[in-house]
Amino acid sequence: MTKFSSFSLFFLIAGACMTPECFNMEIIGGSEVSPHSRPFMASIQYGGNHICGGILIHPQWVLTAAHCRARFAKGKSPKVVLGAHSLSKNEASKQTFDIKKFIPFSRFKPDLELNDIMLVKLHMAAKLDKNVQLIRLRSKDYIRSGTKCQVTGWGTNDPEFYRPSDTLQEVTVTVISRKLCNSQRYYNHKPIITKDMLCAGDARGQKDSCQGDSGGPLVCKGVLFAIVSGGHKCGNAKKPGIYTLLTKKYQDWIKSKLAPSHTN
Ligand code: 4AZ
């Protein structure tokens with residue numbers, strides 16, 4: 001299942017999928033975070049359904065993956081929910097926003113999984129409080145392989161059907177070097193893992209991000225390093241998760257889009 005397939009196609013295939021691999025489509029080894037302990041987490045929703053994660057980097061801007069946009073059809077308007085822990089509960093901490101605009105990275109190439117990063121502008125600024133907070137962007141391009149990082153999201157933990165987790169989950173994954181990730185043992189250059197991407201997984205394939213976690217954060221040593229982009233299925237040791245690494249190129253792009261001259 002590639003991340004670019006349409007929402008309905010996913011249902012169709014997921015429903016028919018009865019192979020052992022399909023039973024691994026979950027955040028294995030993850031656990032529920034304590035409510036509101038990740039106040040920068042956004043849920044991007046469509047027709048009330050969680051589609052992708054997002055990261056609050058400014059009161060009016062959320063960072064996510066560019067491929068998330070392809071998951072919206074015409075008609076209903078997508079929304080961003082901040083301050084959530086449970087997606088289904090009517091939590092007083094929740095703030096819901098319409099979207100003013102999407103700015104996918106100009107050279108986003110879905111077929112090559114390149115530049116999978118997008119800014120989402122909320123129709124108005126969020127009210128920052130203890131449940132809704134910004135994550136600070138710090139520029140660090142390099143991360144040593146073997147580093148343990150946390151990936152957080154409402155992505156699926158249902159092995160048979162696409163169904164997001166109701167509560168926010170987190171799992172620790174390990175950074176795999178680009179060279180190794182491109183090698184035959186792993187992705188074998190399909191797709192090419194570029195300098196703007198990062199691979200992270202688990203030696204036994206028991207910890208991973210999955211559908212619905214896209215657009216969410218990979219935090220290493222307390223610093224936001226990357227965004228969940230995708231990978232081949234979920235929970236396969238030889239196909240670790242692929243992340244968009246927040247290199248200087250993307251940080252400069254974010255700064256330029258958030259500059260006052262762009263805020264209309
Ligand atoms: C997805 O489709 C997706 N195992 C997210 C993460 C991973 C695979 C797919 C990584 O959103």
Side-chain angles (χ1 to χ4, degrees), residues 1-14 17 19-30 41-46 49-55 63-72 78 87 104 108 110-118 120 149-165 168-176 181 186-187 190-191 193 197-219 225-245:
M1 197 71 208
T2 77
K3 62 191 183 196
F4 305 109
S5 45
S6 75
F7 202 49
S8 53
L9 189 66
F10 186 93
F11 269 99
L12 217 113
I13 294 172
C17 180
T19 67
E21 267 177 309
C22 291
F23 288 100
N24 271 337
M25 303 260 286
E26 56 181 324
I27 298 183
I28 312 159
M41 279 302 300
S43 162
I44 303 183
Q45 304 193 349
Y46 187 68
N49 296 312
H50 171 87
I51 297 288
C52 270
I55 312 154
L63 194 58
T64 188
H67 80 262
C68 292
R69 199 180 177 185
R71 293 180 176 178
F72 304 131
L87 293 176
F108 167 53
D111 41 342
L112 298 172
E113 308 192 22
L114 282 178
N115 301 313
D116 192 8
I117 182 169
M118 177 166 73
V120 177
C149 303
Q150 283 72 43
V151 54
T152 313
W154 285 276
T156 185
N157 51 27
D158 187 308
E160 281 181 74
F161 297 98
Y162 176 88
R163 194 182 303 146
S165 163
L168 188 60
Q169 308 281 315
E170 190 167 273
V171 66
T172 297
V173 287
T174 307
V175 175
I176 297 164
C181 201
Y186 290 87
Y187 278 104
K190 292 183 214 98
I193 309 300
M197 295 169 170
L198 176 143
C199 293
D202 170 61
R204 291 190 293 167
Q206 293 185 340
K207 297 173 179 184
D208 199 5
S209 49
C210 201
Q211 270 84 10
D213 290 317
S214 287
L218 184 79
V219 170
F225 262 91
I227 302 168
V228 181
S229 173
H232 183 72
K233 299 186 180 169
C234 314
N236 176 344
K238 297 208 166 74
K239 304 288 178 201
I242 301 175
Y243 297 79
T244 304
L245 186 59

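Values in this document were obtained by computation on a predicted structure and should not be read as measured data. Position 1 is the first residue of the sequence, and the numbers go up from there. Ligands are counted one by one from 1 in listed order, and the atoms in each one are counted from 1 as well.
Between the choices H67, K207, Q211, the shortest heavy-atom distance to atom 3 (C) of ligand 1 belongs to Q211. Of the listed residues (G205, G230, G235), the one carrying the non-hydrogen atom nearest atom 7 (C) of ligand 1 is G230. The heavy atom nearest to atom 5 (C) of ligand 1, out of those in P240, S209, C210, is found in C210.
Counting the atoms of ligand 1 from 1 in the order shown, those under 4.0 Å from a heavy atom of S214 are 1 (C), 3 (C), 5 (C), 11 (O). Residue contact check: G231 has heavy atoms under 4.0 Å from atoms 8 (C) of ligand 1.
At least one side-chain heavy atom of I117 sits under 4.5 Å from a side-chain heavy atom of I227. With contacts defined as side-chain heavy-atom distances shorter than 4.5 Å, the pair L168/T152 qualifies. For the pair K238 and Y187, the minimum side-chain heavy-atom distance is 4.5 Å or more. Put simply, the side chain of Y243 reaches to within 4.5 Å of the side chain of S209, judged on heavy atoms. Side-chain contact check for L114 versus M197: some heavy-atom pair is nearer than 4.5 Å.
At under 3.5 Å, not a single nitrogen or oxygen of S229, backbone or side chain, sits near a nitrogen or oxygen of ligand 1.
Residue-ligand proximity: K239 is placed with every non-hydrogen atom at 4.0 Å or more from ligand 1. Using a non-hydrogen distance threshold of 4.0 Å, D213 does not register as a contact of ligand 1.
Geometrically, K239 does not engage Y186 in a cation-pi contact defined by less than 6.0 Å to the ring centre and at most 45° from the axis.
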